Amino acid sequence: MSRSSRQVFLLVFSYATLAAAWGWRLHANDGSPHKTSLLDTTRTALATSLAQAPKHLQQAAIFQLAMLPDPELQALDVWQKAVPEQRLRQLTVQQGPLHTPCPLNTALLFVELTRPGAPMIDDSRLLVSAAGDRLEESHKIEALELLASQALKTQELNLAVEIHERACEFPAATWQNVLNLTEAARTARRPAAALHVVNKWLGASPPRLDAAQHEAALDLQTTLLLEGARHAEASRVALDALRALKPADPIPERLMQRALLATRAAGESAELLPWIERRLRSCADHQRSLHSLASEKPVEPAYRRWLDEGACIADLNHQTSIACELFFRLAAIGETRVLARLHALATQIGRGRELTDLLARLQDRHSPVQLAQALADGDAPAAARPLLTPHLQASPDDRSAWYLLTQIDIALRGSPSAPMLWEGFLKRFPGDLPASQNLVRMQIAAAQYPQALRTLQSIPAGQLDESTLRQIASLALQLDDISAAHRALQLIVESSPQPSVRDVLALTGMTSQHPDSVTAEATQYNALAKLPAGTAFHKTLTATPGSGEAAPFSTASQAR
């Protein structure tokens, strides 16, 4: 329901209630008509203003307003005429028109806080905080939250943080109030303010948080410490929580995540490695052999995740034997991206035969090309080549395997051998576009322009895209090969439904230089036909040059 419709509903409801209440009271009292009219006007004005109060406060306030005794209603009439600051004081810290606490006083307070021309936010929050028992505690918190949101909108960020801090001090405050403070503190770039309150709530006795909120508070504590660049403190808190666990206690996943973030930020990830090993030992998958892991039976996501984290931390901290063992397990469960690093570590500590056996088992799940690609991508081309050789003997037409082998051989032999190797690949797979492009780049880098043009011209016409055609045209013009340049531009123009004028003009300019003038002029005619007809520019291009006699020249004196 919109605000305007809600106001109409409240007015109708209040008038009905007022009519019933005053009908009863007029039978009991002999009030003057003038006085009755004045009180009705006051009630109507107050009922209208209550539409600005929070919805959950409106109904009780309307009922109280309808049954309000005449003296209090008269006091409210006087109260309405005071200045905004005085009205707010009488609702909070001074003797006001109503006996408090009551629903009408609370609703009017919220109306005053949101009314145009309301007192300054800083003054209002002091009055609300000092209201004592004139306001229920939950309503004080709600009013302070309202003032804090107003402060954020007006960019009074520090004031918003202070108001939220005051709201969190009340015994009736909730965890949501702490989260609101955290959002404001982050906006103000003051994570320490939120951290102070979070720490107080975590250490409160009796506890103020349930189990789920307590975990959320611990997560938030770590996050705020890291946001405040207090990395060492975050690491100490997380590691202390781990050390507090008993040997038989399971390690909570969220605690491990907090510890990982904190120790990584503090540069102390090696301190976490024993706890990762303990976490892995609690997984059933950790009891399986490498042969069992290499089967296609899935493993738990948590086991895969902590294997990865543990292997990286151990490798980073030069704990080679631990890293190698964990990388072996990662490779066995199908994480081929670690194969190159595993190869380096296994070779270093004498476990090369185990790696060879593992690679043989993995070929039941991954092709030799995939395994070789993983090794090559990880800068281990020497280990990748032996996987491809037997595969190519069995599948000599596997283009992707030969392409990878060429890349591996270039990495092993060095870039000077690259042109020869790509030429060998193209003899096996003539016109292969990626290989041709690789070869052309190297030929151009070596200033072998004729060879580069021949390589491009060997690409089948069906694989020539616009970029390749422009490269052909550029090289051909550089080598003064008009026919080749003309043919490339012709293909560009013909393949486009609306060719650019620049391409058409370039094609026209080459026509007179083409050795086959008849064919070139026909091509030019077809290209010009694709330009928008009827324009002056089009007529100029298509006009046939004519010959005629020169007109007599007249001097100015003759003209006179």
Side-chain angles (χ1 to χ4, degrees), residues 1-121 123-125 127-128 131 134-136 139-140 142-147 149-150:
M1 182 183 294
S2 65
R3 176 172 290 184
S4 59
S5 59
R6 188 166 68 247
Q7 290 176 345
V8 172
F9 169 76
L10 286 172
L11 285 173
V12 173
F13 179 76
S14 62
Y15 279 131
T17 307
L18 287 169
W22 279 97
W24 173 79
R25 293 184 68 178
L26 285 174
H27 285 289
N29 301 303
D30 294 325
S32 65
H34 174 72
K35 180 179 178 181
T36 301
S37 175
L38 178 63
L39 295 179
D40 282 346
T41 301
T42 302
R43 277 194 171 90
T44 301
L46 291 171
T48 302
S49 67
L50 287 175
Q52 308 301 320
K55 189 174 181 180
H56 63 279
L57 299 176
Q58 292 175 3
Q59 185 174 3
I62 288 290
F63 273 117
Q64 183 182 356
L65 177 62
M67 304 303 295
L68 204 64
D70 289 352
E72 292 191 23
L73 193 58
Q74 291 173 353
L76 279 173
D77 182 57
V78 175
W79 170 83
Q80 284 188 115
K81 299 171 183 176
V83 296
E85 185 177 354
Q86 186 61 31
R87 290 200 301 266
L88 188 60
R89 286 182 177 276
Q90 291 183 7
L91 294 174
T92 53
V93 297
Q94 294 180 352
Q95 182 62 40
L98 299 168
H99 295 288
T100 55
C102 67
L104 183 56
N105 188 82
T106 302
L108 289 174
L109 168 68
F110 280 91
V111 172
E112 291 302 312
L113 294 178
T114 56
R115 189 190 299 273
M120 295 179 63
I121 297 174
D123 295 339
S124 298
R125 62 102 173 217
L127 293 173
V128 170
R134 294 175 64 82
L135 285 174
E136 294 181 10
H139 294 145
K140 287 182 185 178
E142 187 178 359
L144 289 173
E145 292 277 351
L146 172 63
L147 291 170
S149 66
Q150 292 176 351

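No experiment lies behind these values; they were computed from the predicted model shown.
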How many angstroms lie between atom CG of Leu108 and atom CZ of Arg115, to the nearest 0.5 angstrom? 8.5 Å
Starting at CG of Leu91, measure out to CD of Gln86 and round the result to the nearest 0.5 Å. 10.0 Å
Got a second to check how far Arg43's CZ is from Leu68's CG, nearest 0.5 Å? 6.0 Å
Is the shortest side-chain heavy-atom distance between Glu136 and Thr106 below 4.5 Å? no
Residues Asn105, Gln64; criterion side chain to side chain contact (heavy atoms under 4.5 Å, CB included); working and verdict: CA-CA 10 Å; Asn105 188 82; Gln64 183 182 356; over 6 Å; no
Leu109 side chain reached by His139 side chain, heavy atoms, under 4.5 Å: no
Is there a side-chain contact between Asp77 and Lys81 (heavy atoms, below 4.5 Å)? yes
Could you report the tightest heavy-atom contact between Ser149 and Leu146, atom names first, then the distance? OG-O, 2.6 Å
I need the minimum non-hydrogen distance between Gln80 and Ala45, along with the two atoms involved. OE1-CB, 3.8 Å
Which residues pass the side-chain contact (heavy atoms from CB on, under 4.5 Å) test with Pro101, not counting sequence neighbours? none
Rounded to the nearest 0.5 angstrom, the CG-CD1 distance for Leu113 and Ile121 is 10.0 Å
Minimum heavy-atom distance between Ser124 and Leu88, given as atom pair plus value: OG-CD2, 3.6 Å
Heavy-atom distance under 4.5 Å between the side chains of Leu135 and Thr100, does that happen here? no
Just how far is it from atom NZ of Lys140 to atom CZ of Arg134, taken to the nearest 0.5 Å? 11.0 Å
Leu50 side chain reached by Leu57 side chain, heavy atoms, under 4.5 Å: no
Show the numbers, then the answer: is there a side chain to side chain contact (heavy atoms under 4.5 Å, CB included) between Leu104 and Leu76? CA-CA 11 Å; Leu104 183 56; Leu76 279 173; 3.9 Å; yes
Give the minimum heavy-atom separation between Ala53 and Gln58, together with the two atoms involved. O-NE2, 2.7 Å
Is the shortest heavy-atom distance from the side chain of Arg87 to the side chain of Trp79 under 4.5 Å? yes
To the nearest 0.5 Å, what is the distance between CD1 on Ile62 and CE on Met67? 13.5 Å
Smallest separation among heavy atoms of Ala61 and Ala107, with atom names: CB-CB, 3.7 Å
